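Take a look at the structure below.
Note that ligands are numbered from 1 as they come in the structure, with each ligand's atoms numbered from 1 the same way. As the structure is a computational prediction, the values presented were derived from the model and not from experiment.
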Amino acid sequence: MSTTLSDTAPRFLADYRPADFTISTVNLTIYLEDSCSQVISELTIARQGDSQQALVLNGEHLSLVSLVLNNQALSTEQYQLSETLLTIPASSLPTDKCFTLTITTEINPQENTALEGLFKSGDAFCTQCEAEGFRRISYYLDRPDVMATFTTKVIADKALYPYLLSNGNKIASGELANNKHFVTWHDPFPKPSYLFAVVAGDFDLLEDKFITASGREVALEIFVDKGNLSKAKHAMVSLQKSMTWDEQTFGLEYDLDSYMIVAVDFFNMGAMENKGLNVFNSKYVLADSQCATDSDYFNIEAVIAHEYFHNWTGNRVTCRDWFQLSLKEGLTVFRDQQFSAQMHSSAVTRIQNVRLLRSQQFAEDAGPMAHPIRPEKVLEMNNFYTLTVYEKGAEVIRMLHTLIGVNHFRKGMDLYFFRFDGMAVTCDDFINAMSDASGKDLTQFKLWYSQSGTPVITVEEDFDQQNNLYTLTLLQQSPVTHKQPNPQALHIPINVELISHSDGIASQRQLLELTQTKQCWQFSGFSSKPTLAMLADFSAPVKLVFAQDDSALLTIMKQADNSFCRWDAGQKLVMSYIQQLTFDASYVIPDVLITSINDILTSGGDRAFIAEQLSLPSFDEAASLMADIDPIALTNALNTLASFIAQGAGQQLLVNYQECQQSNASHSAAATRALKNVCLSYLSLLPDYHYVVAEQYQQATNNNDTAQENMTDSLAALTCSAKNNLADLAQQLQHFEQKWQQTTLVMDKWFALNASVVSDDIFSQLNSLLAHPQFSLKNPNRARSLIGAFAMNNPRYFHCPTGRGYQFLAAQIAKLNEINPQVASRLITPLIQYKRFTLAHQQLMKAALITLHTLPNLSNDLKEKLDAALSD
Ligand code: B3K
Ligand code: ZN
């Protein structure tokens, strides 16, 4: 199926203007059939002002059956159809301000492999409308500032589709001829079309309830594939926790009588916040300890919370246009991060947010698709559901929270909902509410919405021993690019801690507001030069240029109050060794590293935090802080460093491993597993301890007592075997496959493991995996688990000097271009960031991109990225 559309052009934020027509009610009747579903849409339309414009509706991949205007059928001469638009000229429209239009269309859900609009996921029907999928269901003013109340009648075979779901409240249901039945839903909240949803299928249903703070009862319903009921409990508890948290933190209650979540296997992303009827990738719903890891549990809770929080930040107040996407996404990610931090260790949660930002978002912001959190030019909107809009967007909200404080932030949220409930608004509207509620001038702060790139902050220190005066100078520079030739100074909150070295003199903490290109602060009261710990809790999404020697970093690691700073100093220490090793493989790593690792291992305290302190930066985290990277030298450097630690601290690592293995009820089980498995990853580098990996695999996967089996431990052992290509690997992978062949989500893990094996044989393995009976490019999770995992988790072979890794990825993207352009476009990310590597790698990557650029039927999704990459 081709999704290429000839008459599309980029859209610009600057061109926004309100619609000439509004739609107040939508009455839909949907007859669900696999290859030909019929949609009848009755719209109540009102002309705005005295506009004499044509009515132009969006529509793609639709077959128009009829158009009826105020009960009068329109003839084909009275309207025009293109591949993307239905135009009814002013001359065909009634002169009255209001009129009704009834549109009948037919669609083919079964052939919809792009998974936008109405499609089949296994045996179920479901929809995905954000951003612009509703136009694949019917002709419509498919833009978020057109808000209507929807009534939806769904009709389908009763035996095959006992559940017929849509947004809002069920208002009617009944039997029909030919074994069909219907259910009618009415959603009282006006909403944009992107929040519309329909689901039909035969599911198991987990039911519970929630009593809101004001005493209303809400029915909670989670629909899962038959046989998976017991795996939905964690999702249900997560939903209840989220509902409580939003009431307690922001005074926000749920507003409908029921909240439904449906888990499906075929889904382009994580989940979707359709009003009252969330559709979720089953990966973010289903869990039990035998088949889900601790991070799966964490992510399920976070995604459930995220979608639930959208009910206010996204649904009740939505975006005026798609350029404002961060209005709902940045804010909602911030809210889910705060929630997770409260449910778990706040330090570890913050570290994980920062790891994601540094490893992926920094690279995006330095690459050809760099854009401000509020983009200004878009060809394919699906390309802008990015780490920048989401994660950097959340950092921007966090900075605001830091600058105005928690109480003013809450007041600002209250004011935002007071002003804009039920409306479609802009990022400026949000910032203005925050400014009005706090009295803080946020004019300069708004530049974060229009500038791209990660700002670099250079730190200079001076200590005047005579006057005991410490001077800190900060310089800021945002990247200069052809799209952004003259970046301005941003308003940046910098949380610092000055660690005192003199007895009796306290360390000092302060929030500095950097607003100029260069700014100085003076601190008195120290009798010797203090050690500066920058960016407590990572108070701003910036890179630092700050030459701190090992002894300063070791001081921060031990003495900083802020746990993020303690962790970050450790990362900086190892990062300096990684950089040295990448340039010179014979670099001798200082022994002080081993002392420090042993100190961490014997420090006691939160095991999840210790696990983070012991984890080296990933390939991507390291790469995002370097330039002109030789990827093979970088993977070698990471291995050398890990082996050095394993050899130097092996004994203590084994002690900690065994301590964790024996478990200790005073620590959380997940934290204990995290620490144990970091220790295992080092031990697996030493042949003497390979048996430990084998034993752990056996115990966690092949235990007589299945209650003792645990996916976190099983996968950790397998990952060690795969990364080091251990002797037991083949047999373990075979056993794992056999055991889990019926469990889709675990088979995704199996494919990902296979793609991460560090072995010269990998390319023939990849080809066998593509031919595996359970592999299909039509299932996005499966495609990502093989192709995405190879490109992201196997840098040694992805970047192999022959270019085979790049060619493999490009060949799969070419196939996906025809099947599912959104998935293709996500997977191309590592290739378009070619500029950060050495010339030889750049050329090979660029060659792969050029091949893709010549594809017939190139989708807009890929075209936009390839154009940007090849003209960079
Ligand atoms: N709002 C959706 C994402 C839609 C992506 C469309 N390509 C999920 C979320 O952010 O909550
Ligand atoms: Zn979201």
Side-chain angles (χ1 to χ4, degrees), residues 3 60 112 114-117 119 126-136 142-144 167 191-197 235 238-239 242 246 259 261-264 266-281 283-285 299-319 321-340 356 373 375 378-394 397 424 427 780 784 820-827 829 859-862 864-865:
T3 53
E60 290 173 12
N112 182 355
L115 313 184
E116 277 187 283
F119 61 94
C126 71
T127 55
Q128 172 55 35
C129 292
E130 187 176 1
E132 297 176 333
F134 191 80
R135 63 188 63 184
R136 290 169 181 240
D142 194 11
R143 43 187 285 170
N167 318 85
K191 64 169 177 290
S193 49
Y194 85 86
L195 290 172
F196 169 79
S238 303
L239 176 59
S242 312
D246 221 13
Y259 191 90
I261 291 176
V262 185
V264 298
F266 282 60
F267 211 57
N268 280 346
M269 64 270 171
M272 178 62 214
E273 70 265 22
N274 316 301
K275 183 79 189 187
L277 177 56
N278 288 185
V279 177
F280 268 62
N281 187 323
K283 179 179 160 64
Y284 294 111
V285 174
N299 292 336
I300 288 169
E301 185 187 80
V303 178
I304 293 266
H306 180 96
E307 306 311 330
Y308 175 71
F309 297 156
H310 266 316
N311 190 53
W312 277 95
T313 49
N315 300 4
R316 288 287 286 256
V317 182
T318 194
C319 303
D321 54 77
W322 288 122
F323 298 101
Q324 316 293 330
L325 181 61
S326 203
L327 172 78
K328 74 177 178 82
E329 296 304 348
L331 177 56
T332 306
V333 171
F334 173 71
R335 275 151 55 65
D336 84 54
Q337 289 179 350
Q338 295 291 86
F339 166 77
S340 295
L356 176 63
I373 63 167
V378 166
L379 176 62
E380 171 50 61
M381 189 55 214
N382 285 324
N383 279 341
F384 289 85
Y385 288 78
T386 57
L387 289 145
T388 299
V389 167
Y390 276 62
E391 304 299 321
K392 186 177 179 182
I397 302 295
C427 298
R784 286 185 283 254
N820 188 331
Q822 252 187 81
V823 172
S825 181
R826 291 251 160 196
L827 289 174
T829 304
S859 62
N860 275 334
D861 311 58
L862 284 177
E864 184 167 37
K865 291 192 177 176

For the Zn ion (ligand 2), what is the closest N, O or S atom on Glu329? OE1
Do Val378 and Asn383 have side chains that get closer than 4.5 Å, going by heavy atoms? no
Can you tell me if Glu307 has an N, O or S atom under 2.8 Å away from the Zn ion (ligand 2)? no
Within-4.5 Å side-chain heavy-atom neighbours: Phe309 and Glu273: no
Heteroatom of His306 nearest to the Zn ion (ligand 2) (N, O or S, atom name): NE2
Just so I know, are the side chains of Tyr308 and Asn278 near enough to count as touching, which here means a heavy-atom distance under 4.5 Å? no
Roughly how far apart are Glu329 CD and Thr386 OG1, rounded to 0.5 Å? 10.0 Å
Distances only, to 0.1 Å: what are the N or O pairs between ligand 1 and the protein that fall under 3.5 Å?
{"unit_1": "ligand 1", "atom_1": "1 (N)", "unit_2": "Glu130", "atom_2": "OE1", "d": "2.6"}
{"unit_1": "ligand 1", "atom_1": "1 (N)", "unit_2": "Glu273", "atom_2": "OE1", "d": "2.8"}
{"unit_1": "ligand 1", "atom_1": "1 (N)", "unit_2": "Glu273", "atom_2": "OE2", "d": "3.4"}
{"unit_1": "ligand 1", "atom_1": "1 (N)", "unit_2": "Lys328", "atom_2": "NZ", "d": "3.4"}
{"unit_1": "ligand 1", "atom_1": "1 (N)", "unit_2": "Glu329", "atom_2": "OE2", "d": "3.1"}
{"unit_1": "ligand 1", "atom_1": "7 (N)", "unit_2": "Asn382", "atom_2": "OD1", "d": "2.9"}
{"unit_1": "ligand 1", "atom_1": "7 (N)", "unit_2": "Gln822", "atom_2": "OE1", "d": "3.4"}
{"unit_1": "ligand 1", "atom_1": "10 (O)", "unit_2": "His306", "atom_2": "NE2", "d": "3.4"}
{"unit_1": "ligand 1", "atom_1": "10 (O)", "unit_2": "Glu329", "atom_2": "OE1", "d": "3.0"}
{"unit_1": "ligand 1", "atom_1": "10 (O)", "unit_2": "Glu329", "atom_2": "OE2", "d": "3.1"}
{"unit_1": "ligand 1", "atom_1": "10 (O)", "unit_2": "Tyr390", "atom_2": "OH", "d": "2.4"}
{"unit_1": "ligand 1", "atom_1": "11 (O)", "unit_2": "Glu273", "atom_2": "OE1", "d": "3.3"}
{"unit_1": "ligand 1", "atom_1": "11 (O)", "unit_2": "His306", "atom_2": "NE2", "d": "3.1"}
{"unit_1": "ligand 1", "atom_1": "11 (O)", "unit_2": "Glu307", "atom_2": "OE1", "d": "2.8"}
{"unit_1": "ligand 1", "atom_1": "11 (O)", "unit_2": "Glu307", "atom_2": "OE2", "d": "2.9"}
{"unit_1": "ligand 1", "atom_1": "11 (O)", "unit_2": "His310", "atom_2": "NE2", "d": "3.2"}

Can you spot which of Thr127, Asn820, Asn268, Asn382 makes a side-chain hydrogen bond (donor to acceptor under 3.5 Å, both in side chains) with Glu116? Asn382
If the plane angle is over 60° it's perpendicular, under 30° parallel, otherwise tilted; pick one for Tyr390 and His306. parallel
Any residue meeting salt bridge (charged side-chain N to carboxylate O under 4.0 Å, His left out) with Glu391, in chain and number order, not counting sequence neighbours: none
